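Below: one structure, written as structure tokens.
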Amino acid sequence: MTHQEITDKLSAAFGEDIIEAVVSYDMLTIIISAEKNLEVLLFLRDDKDLNFHFLTDLCGIHYPFNADNELGVVYHLHSMVANIRIRVKAFFPSKDPVIRSATGLWLSAGWMERETFDFYGILFENHPDLRRILNVDDMDYYPMLKQYPLEDGTREDKDDAMFGR
């Protein structure tokens, strides 16, 4: 199965909910509407030609300058039958960081969604046990969000030439 055949099949089934399909590093990346994440994932899993039965990874991403789509979830799926991997991305605004949980499709998504919640603050609707998994419970921020500058711009004791700048 080729990347184009997968893209065509998804576009035929979901139309405008397939926002973009690009190939990067020989892996098909499909950007979908966050409202249709479960439908697209279910289709990819259960379609007899696609057979993406294995959820390799699920993680969060944060693009702070991507207005109204700052946060996202990335699903890495593998079809053992066709020996092909794809990446599915869904974006949503940081002011409403909610997406439906994929634990009903893959039980392994539970731990990955908990980690994503713990580091990005993304809420997974209908998750059976959404709570922090690695950080302390009383932590009041999400460490992977790019909310703070990486460096102190007022420092005068640092020579940027030493850092290749």
Side-chain angles (χ1 to χ4, degrees), residues 1-134 142-147:
M1 174 152 298
T2 67
H3 294 151
Q4 190 60 50
E5 289 171 339
I6 296 168
T7 303
D8 291 344
K9 196 164 192 113
L10 284 170
S11 295
F14 295 99
E16 293 180 7
D17 289 316
I18 305 300
I19 297 167
E20 186 178 6
V22 295
V23 177
S24 127
Y25 298 104
D26 202 34
M27 183 184 284
L28 177 63
T29 301
I30 301 162
I31 301 173
I32 64 170
S33 168
E35 294 80 25
K36 295 289 186 179
N37 73 320
L38 288 184
E39 290 84 354
V40 172
L41 293 172
L42 181 66
F43 182 81
L44 286 166
R45 187 191 75 179
D46 291 349
D47 184 84
K48 65 179 178 59
D49 296 325
L50 298 176
N51 288 307
F52 285 98
H53 286 274
F54 185 61
L55 175 65
T56 306
D57 191 22
L58 181 158
C59 63
I61 49 176
H62 182 215
Y63 295 127
F65 302 112
N66 194 8
D68 292 328
N69 284 314
E70 299 91 354
L71 287 172
V73 174
V74 181
Y75 306 90
H76 286 251
L77 304 175
H78 188 169
S79 171
M80 304 273 190
V81 174
N83 193 25
I84 189 168
R85 292 177 175 219
I86 63 169
R87 182 182 302 119
V88 179
K89 296 181 179 182
F91 291 96
F92 39 89
S94 61
K95 63 182 178 276
D96 186 25
V98 179
I99 191 164
R100 294 181 295 168
S101 174
T103 55
L105 302 177
W106 295 283
L107 289 176
S108 62
W111 290 94
M112 294 182 253
E113 288 177 354
R114 282 182 64 188
E115 182 183 31
T116 302
F117 162 72
D118 198 4
F119 284 111
Y120 291 92
I122 296 171
L123 302 171
F124 290 91
E125 195 174 84
N126 297 324
H127 189 283
D129 186 22
L130 192 62
R131 59 187 163 99
R132 290 200 183 263
I133 190 170
L134 296 170
Y142 300 100
M144 293 300 288
L145 293 180
K146 298 170 185 80
Q147 297 173 316

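Note that the structure is a prediction, hence the values are computed from the model and not measured. Heads up: numbering here begins at 1 and tracks the sequence.
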Does any non-hydrogen side-chain atom of F124 lie less than 4.5 Å from one of T116?
-> yes
If only atom types and distance count, is the side chain of W106 paired as donor or acceptor with the main-chain N or O of H53 below 3.5 Å?
-> yes
Measure the spacing between CD1 of I32 and CG of D17 and express it to the nearest 0.5 Å.
-> 8.5 Å
When rounded to the nearest 0.5 Å, the distance separating CG of L44 from CG of L55 is 11.5 Å
Might you point out which heavy atoms bring P143 and F119 nearest each other, and give the distance in Å?
-> CG-CD2, 3.4 Å
Spacing of L38 atom CG and I99 atom CD1 [to the nearest 0.5 Å] | 8.0 Å
Within a radius of less than 6.0 Å around CG of L107, do more than 12 heavy atoms belonging to other residues, nucleotides or ligands occur?
-> no
Between S33 and E35, does any side-chain donor sit less than 3.5 Å from a side-chain acceptor?
-> yes
For A90 and A34, which heavy atoms make the closest approach, and how far apart are they?
-> CB-CA, 3.9 Å
So do the side chains of R132 and Y142 get within less than 4.5 Å of each other, counting heavy atoms only?
-> yes
Taking the side chain from R85 and the backbone from H78, do they hold a donor-acceptor pair closer than 3.5 Å?
-> no
Between D49 and N51, is any pair of side-chain heavy atoms under 4.5 Å apart?
-> no
Is E39 salt-bridged to R100, cutoff N-O under 4.0 Å?
-> yes
Is there side-chain contact between S24 and R87, with at least one heavy-atom pair below 4.5 Å?
-> yes
Start with the C-alpha gap between S101 and E125, add the side-chain angles, then the distance that decides, and say whether side-chain hydrogen bond (donor to acceptor under 3.5 Å, both in side chains) holds.
-> CA-CA 5 Å; S101 174; E125 195 174 84; over 6 Å; no
After noting the C-alpha distance and the side-chain angles of E70 and Y63, does the key distance pass the side-chain contact (heavy atoms from CB on, under 4.5 Å) rule?
-> CA-CA 5 Å; E70 299 91 354; Y63 295 127; 5.7 Å; no
How close do S79 and A82 get, heavy atom to heavy atom, and via which atoms?
-> OG-N, 3.3 Å
Stepwise side-chain contact (heavy atoms from CB on, under 4.5 Å) test for F54 and L77 = CA-CA 6 Å; F54 185 61; L77 304 175; over 6 Å; no
Donor-acceptor pair, E5 side chain versus T2 backbone, under 3.5 Å?
-> yes
Distance, nearest 0.5 Å, that separates CD1 of I122 from NE2 of H62 = 9.0 Å
Verify whether one side chain among Y75 and D57 offers a donor that lies under 3.5 Å from an acceptor in the other.
-> no
Does the gap between the ring centers of F43 and F14 come in under 6.0 Å?
-> yes
Can you tell if the side chain of H3 reaches within under 4.5 Å of the side chain of I84, non-hydrogen atoms only?
-> yes
May I have the step-by-step check of side-chain contact (heavy atoms from CB on, under 4.5 Å) for H76 and I86, ending in yes or no?
-> CA-CA 6 Å; H76 286 251; I86 63 169; over 6 Å; no
Does the side chain of F52 reach to within under 4.5 Å of the side chain of I6, using non-hydrogen atoms?
-> yes
Of the non-hydrogen atoms in T7 and A21, which two are nearest, and what is the gap between them?
-> CG2-CB, 3.6 Å
Scanning both residues in full, the closest heavy-atom pair of S94 with P97 reads O-CD, 3.4 Å
What distance separates I133 CD1 from L130 CG, expressed to the nearest 0.5 Å?
-> 10.0 Å
Test side-chain contact (heavy atoms from CB on, under 4.5 Å) applied to V23 and T29, step by step | CA-CA 6 Å; V23 177; T29 301; over 6 Å; no
Least distance between heavy atoms, F92 atom then G72 atom | CE2-CA, 4.0 Å
Does the side chain of F91 come within less than 4.5 Å of L71's, by heavy atoms?
-> no
Here the gap from Q4 atom CD to L28 atom CG, rounded to the nearest 0.5 Å, amounts to 9.0 Å
Would you call K95 and D68 a salt bridge, using N to O less than 4.0 angstrom?
-> yes
So do K89 and I30 actually touch side chain to side chain, heavy atoms under 4.5 Å?
-> no
